[in-house]
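Here's the structure, in structure tokens; my notes come after.
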Amino acid sequence: MEAVLQTRGLLSLPPKPTKASSLLNPSQGLTHRLFASKPLGFNGLCLFYRRVPSVVAKPNGVPFICKAKAASAADGKQPFFNENEKPKFMGIEILTLKKIIPLGLMFFCILFNYTILRDTKDVLVVTAKGSSAEIIPFLKTWVNLPMAIGFMLLYTKLANVLSKKALFYTVIVPFIAFFGAFGFLLYPLSNYIHPQALSDKLLAVLGPRFLGPLAIMRIWSFCLFYVMAELWGSVVISVLFWGFANQITTVEEAKRFYPLFGLGANVALIFSGRTVKYFSNLRKNLGPRVDGWAISLKGMMSIVVLMGFTICFLYWWVNKFVPLPTRSWKKKEKPKMGTMESLKFLVSSRYIRDLATLVVAYGISINLVEVTWKSKLKAQFPSPNEYSSFMGDFSTATGIATFTMMLLSQFIFDKYGWGVAAKITPTVLLLTGVGFFSLILFGDPLGPALAEFGMTPLLAAVYVGAMQNIFSKSAKYSLFDPCKEMAYIPLDEDTKVKGKAAIDVVCNPLGKSGGALIQQFMILTFGSLANSTPYLGGILLMIVFTWLSAAKSLDTQFTALRREEELEKEMERDAVKIPVVSEPRNDSVANSSLLNAASDDSTGSSSDTSTPRNIYKTED
């Protein structure tokens, strides 16, 4: 191994090097100067010098090559090059594999459960007697949001009194216990614990427009399942798993393996979709008086409990057998912006306003179409088993589409750039949204044409709505999220930090709850979700066009900032550097420099003068 070493001063010997050779003896001053005062961590190095006639020497001086060799085997020490080498398997350190493989399995189990729970919660609240898809906007706003806030307050208090291990088990075990109890206890008793008679009386007094709010009370145990399933996604995935992953992995490991977790998530989506499909079809082999959905629910909740205990075991194993990396405990200061401060910052910057528009528009658009689609899905598949079976196919298709889009996203960014990638998600929502609402509003004239393909307008609307959800979500995960994060990169540090804080405080909650609030207003105003469909379609068109306009504006600003950044880097690369030229020195100066360097103390202050730098090679 040869490397270039730059040293100050000219290393040369007098015409008779025999007298000065003692100064270069490794056991004397030079060895002490190089190794004792400034240890480099090399074990057993020896130095010797030889004359190299092929190298052109400066006047009155002879260059020498400094050669470093490892100590002999008789010293009983390993060569320093292999001293820190760790065991590897297929080019990956064993210690890294002991962390990444259990983390990957944990992530798979968590998302496997989440897909089952997500599909099941929709089946329960949409297909229940006395309920419909109109319950979802009210449920998200008035039940899910308050419980999420309450849980995070409780979690914060528990984090102050419990260790990390105890906190993990304290949070995840109640989830596992609830889902197991729901499948084997709460659902079989639902006919006895739900206030059906009271809900019917209130509905007769208040009118059908209050069907959604009253359904929350009517099927309260199903609504509790809905909220716990939503919290599983936000708490177990975002808080517990990613908090644990960031705790035990280094930055280098995260850069290398975190993207693989995203691909693994879609594999879990595919397998869990097949699982939901299998248990939903069990009803076909059962008798007419058997509650097939109860049997399917017990099977799926059993798998959720099994996967939950597997997650706990993997967490225990990693903490038991994998050492945690050492980290600096110095905390970085994060900007704390209140709601009003965030609003002021959003208004002050056009770039941040456009970025905020993208985030809010996606949240509202996906909610407007999704709830309307689920109402049509119930009309097409009124049975819980049929509804759940379709959702299993839907989850599998979403996983396949997202996996494919993640593989294609790099090509899209490289070939077409940020602007095209940012416009794909709203374009998909626009095209599929127009087709979906058109089939709902103008389905009757299209009935004869659709009948030739063996479909009714309702079934066609269900399929188009499913395509809308599949492609919009796959585009969101593979293109929209990366585009959003990339948009922060060219900003200055102050705008980047404050802009992200403002969007997290205001835009994310506004996007998630905005669609639900619009739907609630429409339902209470026009009486039902079906009567609100034309107006929801018009609102969707307005939001998507606003989204596309903001994406175009942001693309112009983003491109300008990127060009400015590239121009600055190019100017730095092309900057003229003036080399430092030193005056030649005679023999006496060179010889005295060598003698002074050999006999000087370890500080080496006399060598920090403006002498020329000479290049020496070390050979291994």
Side-chain angles (χ1 to χ4, degrees), residues 121-146 194-220 222-223 226 363-384 387 433-447 456-462 464-465 468-469 510-544:
K121 69 179 178 61
D122 290 334
V123 175
L124 287 170
V125 301
V126 173
T127 63
K129 181 182 178 181
S131 180
S132 67
E134 296 177 3
I135 190 178
I136 295 178
F138 298 94
L139 191 56
K140 286 185 176 181
T141 304
W142 306 111
V143 181
N144 189 32
L145 182 60
H194 288 169
Q196 298 285 353
L198 177 60
S199 300
D200 290 337
K201 292 180 181 179
L202 292 175
L203 183 62
V205 174
L206 298 176
R209 68 183 61 196
F210 287 92
L211 174 67
L214 290 176
I216 296 176
M217 180 181 68
R218 181 192 297 271
I219 54 171
W220 64 268
F222 297 174
C223 294
Y226 187 99
I364 295 177
S365 301
I366 196 67
N367 277 282
L368 290 180
V369 180
E370 191 174 25
V371 175
T372 307
W373 170 65
K374 288 178 180 178
S375 68
K376 300 302 176 183
L377 189 59
K378 180 187 177 180
Q380 179 66 38
F381 303 106
S383 168
Y387 192 110
V434 168
F436 174 70
F437 282 101
S438 297
L439 286 171
I440 295 176
L441 298 175
F442 312 107
D444 293 338
L446 298 175
T456 63
L458 178 61
L459 182 59
V462 168
V464 173
Q468 186 274 335
N469 278 270
L510 183 60
K512 293 178 181 179
S513 60
L517 292 174
I518 292 173
Q519 288 168 336
Q520 292 177 52
F521 175 78
M522 292 292 179
I523 291 171
L524 295 177
T525 302
F526 298 102
S528 67
L529 189 62
N531 295 336
S532 307
T533 300
Y535 305 98
L536 293 176
I539 293 174
L540 177 66
L541 288 177
M542 292 174 57
I543 292 175
V544 172

### Message
Return the CZ to CZ distance between R218 and F222, rounded to the nearest 0.5 Å.
### Response
12.0 Å

### Query
Looking only at atom types and distance, does a side-chain atom of Q519 sit under 3.5 Å from a main-chain N or O of N367, one as donor and one as acceptor?
yes

#### Entry: Atom pair CD1/CD1 of I216 and I135 - distance to nearest 0.5 Å
5.5 Å

### Query
What is the distance from atom CG of L368 to atom CG of L541, rounded to the nearest 0.5 Å?
10.5 Å

### Task
Could you tell me whether a side-chain N or O of S131 sits under 3.5 Å from a main-chain N or O of A128, the two making a donor and an acceptor?
no

### Message
Any non-hydrogen side-chain atom of L529 less than 4.5 Å from a side-chain atom of S132?
### Response
no

### Side-chain heavy-atom pair E370, I136 within 4.5 angstrom cut-off
no

### Task
Might you point out which heavy atoms bring S365 and V544 nearest each other, and give the distance in Å?
OG-CG2, 4.0 Å

### Message
I want to check something: taking the side chain as every heavy atom from C-beta on, are W220 and P195 in contact at a cut-off of under 4.5 Å?
### Response
yes

### Query
Do I518 and I539 have side chains that get closer than 4.5 Å, going by heavy atoms?
yes

### Pairwise side-chain contact, F436 with T372, heavy-atom cut-off 4.5 Å (strictly under)
yes

Side-chain donor/acceptor pairs under 3.5 Å, residues 521-528, sequence neighbours excluded:
unit_1: T525; atom_1: OG1; unit_2: F521; atom_2: O; d: 2.6
unit_1: S528; atom_1: OG; unit_2: N531; atom_2: N; d: 3.3
unit_1: S528; atom_1: OG; unit_2: N531; atom_2: ND2; d: 3.1

### Query
To the nearest 0.5 Å, what is the distance between CG (L441) and CG (L446)?
11.0 Å

### Message
Suppose the criterion is salt bridge (Lys or Arg N to Asp or Glu O under 4.0 Å): which pairs have a residue in residues 515-536, not counting sequence neighbours?
### Response
none

### Gap between atom NZ of K378 and atom OH of Y387 - 0.5 Å precision
9.5 Å

### Query
Can a donor-acceptor pair be found between the side chains of T141 and Q520 at a distance below 3.5 Å?
yes

## Note on the structure
Here the gap from L211 atom CG to E134 atom CD, rounded to the nearest 0.5 Å, amounts to 5.5 Å

#### Entry: Note, Q468 side chain near I366 side chain (heavy atom, < 4.5 Å)
yes

